[in-house]
Every structure is written in C-alpha cells, then in structure tokens.
There are 2 protein chains.
Amino acid sequence: MHTSLESHQYLRQHSIKPSVQRTAVMDYLMKNRTHPTVDEIYSALSPSMPTLSKTTVYNTMDIFVEKGAVRALVIDEKNSRYDVDVSAHAHFICKSCGKVFDIFNLKPVLFQLPKDTPFKIDSVEISYSGICDSCKGN
Amino acid sequence: MHTSLESHQYLRQHSIKPSVQRTAVMDYLMKNRTHPTVDEIYSALSPSMPTLSKTTVYNTMDIFVEKGAVRALVIDEKNSRYDVDVSAHAHFICKSCGKVFDIFNLKPVLFQLPKDTPFKIDSVEISYSGICDSCKGN
DNA sequence: TCAATTTGTGTAATGAGTACAAAGATATAC
DNA sequence: GTATATCTTTGTACTCATTACACAAATTGA
Ligand SMILES: [Mn+2]
Ligand SMILES: [Mn+2]
Ligand SMILES: [Zn+2]
Ligand SMILES: [Zn+2]
C-alpha cells in the first residue's frame, strides 16, 4: 500500500525528482503539520529508514524550499522550521514550549507587500509570540 | 567629553545598572541603527575596550531584552539581531547582502494582535525579504 | 552495457550561543 | 576605612545546528 501517492505527485508538480528519501520526507511533512525541524523529521523517519542521513534531510529541505514546495520559517531562534502549507498565513510560537502554531483567517491586507520602499520585496512572514493554551496553566 | 549620557539615562530608565560595558553597548546600539549582531557589536567595541568579553555582550543583550530596552529580531537565520527602537515597525532583510532595514509608516492595523485565538499573544514581528536597492544591480 | 550525472551517505569542520567558575567591581554593614 | 555580600565581567570549555566535502549508490540515456 502506497501512502505516498500524494507526496509523489506534489513533488513532480514542483519539478522535484521523487526519490525514496524525498518522498518519505514530503510524506512526513504532509501528515505532520507541526512545522518540524530537520532533527524532528530525521528522528521520525530514521527508525523505518535506518540508512537515512541527516545531511540528506538538510539537502532535501533546501531543494523543497528552492522549488517552492515548502516554506522555511524563521521564527524559532534555535532551528529552522518547515511548512508544506505555502499559502498566506501567520504563525505563533509559544515561548514556553516552543511549539509553532498556524494562525489562519487574518485579514488579507496583512499579507500585502508594501509598495513605497526602495526594496524588491518577495515575501512576508508574520510571527506572533506568547504563551499557548496548553502552557497557560503552568 | 561624555558621548554616553543618553545611553546612561536610557539604561536607568529601564532599571539596568549602567556599567561601563553596558553603557558602551547601549551607546553603540543608539548610534548604529543597523540591527547589529552580537559579533558586530563585539568587533566594533573591542578595539577601544580590549578586555571586553563576547560573553559580556551576550549577557548584556539578554538583560536589555529582558528589561524591554531592546528588541531581539528573529529574521536572520544565522544570528540574533538587536534593535534599540522598540516602537512598532517592520523589517526587511536582503537575501543577497543580509542587511536588515527598517520599514516604517505601515498601517497600524498590521501591528494589532489577533484576538480570536486560543493563545496569549504578547508580540508580533513582521518581516519582509527580497533584494535591497544596493543589491538590485548585481 | 557503460559512462555521465544525480542523489545519498558518513565524517569532519564551522560557528553561534551557553555553562560555568574564577576574578573584578560595587554596594552594604560595621 | 575595612570586611562582607552581591553583582558584573571575563576566559575557557562545551553544546549543537548547520555546512563542507569526499566517496558511494542510484539513475539516466546513448
Ligand atoms: Mn504554517
Ligand atoms: Mn528596526
Ligand atoms: Zn506552549
Ligand atoms: Zn542587499
């Protein structure tokens, strides 16, 4: 049984050769929308792919980002995090547990790029921070 | 002649004991609004303060941020950057040269914190990226 | 088949940031 | 002023995410 059909197709849509490793990583990203780090991806896949190298995960994420299949988030000062949802949405990082959550349903104006600047602006990242629901009690 | 009067006062306003080192770092931040890294601050001050330790700059930035005198920017995946301007404004990072620029005059609505979330949101960071004016030609 | 190219792997190196203990400076008590 | 406690700074060692690199494996396609 192939659970990786969607990932396979998604990779080809983005002109990424779907190797076994790349398909496994994309499959993980599609099923785990937690904005995982390279280490989290590696640790999750490693048991079922014992020869997988962490370098491969790094290379893979670089290709995914370069081809626009995945967005790299700069919100966690410790690690890069990755998001297979490249649509316009914002993020929230909990300063207590470090988890990164999606914030959808923000006004589209927030994602408009400012026009009166001397820069060629390509993208915007909106990052909120504070304490998440689970950590509130603690 | 004291060029550090303002920094000295600013530190006391934020309940930070103005040691020689802290005053020198704050003075640098106030005069160099380039969102410098710890290494940039250290390298700039080191010649005139040969005994300054990089650890002190790290400690100092931690205190400044904790006391609200300075904002830590998470926009550069390589280093933390620091901004003595804690007012609501956005940033732009050039993917070519890595410099971080201010973007003022954005609509205040952009800096409003969303209310319909399960999170206790404390702050927002709006980061644009692309190519800066100087790098456009290259 | 076989050579060229792409992809993956393992190891070593890099470099930002942290931990920690000792030294120095500052404040408080007598 | 001197002693004592506290705060601050310093240097070194360490951690750990990421990168560099060389070789191995897999894929392509003539
Ligand atoms: Mn997301
Ligand atoms: Mn700024
Ligand atoms: Zn949390
Ligand atoms: Zn530039």
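The sequence lines fix the lettering, A, B, ..., with proteins before strands; numbering per chain opens at 1. Just so you know, these numbers come straight off a predicted model, no measurement behind them. Just so it is clear, the values below take in all heavy atoms, side chains as well, and ignore hydrogens, waters and symmetry mates.
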Exercise. Ignoring backbone atoms, test whether B:S80 places a side-chain nitrogen or oxygen under 4.0 Å from the OP1 or OP2 oxygen of C:dG17.
Key: yes
Quiz item: Would you say the side-chain atoms of B:D85 and B:S87 include a donor-acceptor pair closer than 3.5 Å?
Solution: yes
Exercise. Could you check whether A:N59 gets within reach of a base, just the sugar-phosphate, or nothing at all, counting any heavy atom under 4.0 Å?
Key: base
Quiz prompt | Touch class at under 4.0 angstrom, heavy-atom based, for A:T51 against every strand present | solution = sugar-phosphate
Quiz item: Should the ring pair B:F119 and A:F92 be called parallel, tilted or perpendicular, given that the plane angle runs from 0 to 90° and is split at 30 and 60?
Solution: parallel
Quiz item: Can a side chain N or O of A:Q21 be found less than 4.0 Å away from OP1 or OP2 on D:dA26?
Solution: no
Quiz item: Does a nitrogen or oxygen in the side chain of A:K78 sit under 4.0 Å from OP1 or OP2 of C:dT18?
Solution: yes
Quiz item: So which one's nearest nucleotide on DNA chain C is more toward 5', B:V20 or A:R22?
Solution: A:R22
Practice problem: Just call it for A:T55: base, sugar-phosphate, or nothing, with non-hydrogen atoms closer than 4.0 Å on any strand. | Solution: base
Quiz item: NA contact type, A:K54, heavy-atom cut-off 4.0 Å: base, sugar-phosphate, or nothing?
Solution: nothing
Quiz prompt | Side chain of A:N79 (C-beta onward), nearest among C:dT9, C:dT18, D:dT18 | solution = D:dT18
Quiz item: Which nucleotide, D:dT10, D:dT18, C:dG8, lies nearest any side-chain atom of A:Y58?
Solution: D:dT18
Quiz item: Quick one: is C:dG8 close enough that its OP1 or OP2 comes under 4.0 Å of any side-chain N or O from A:S19?
Solution: yes
Exercise. Report yes if some heavy atom in the side chain of B:D102 is under 4.5 Å from a heavy atom in the side chain of B:H35; otherwise report no.
Key: yes
Exercise. Check the hydrophobic clustering (I, L, V, M, F, W, Y; side-chain heavy atoms under 4.5 Å; chains of links allowed) and say if B:Y82 and B:Y42 are grouped together.
Key: yes
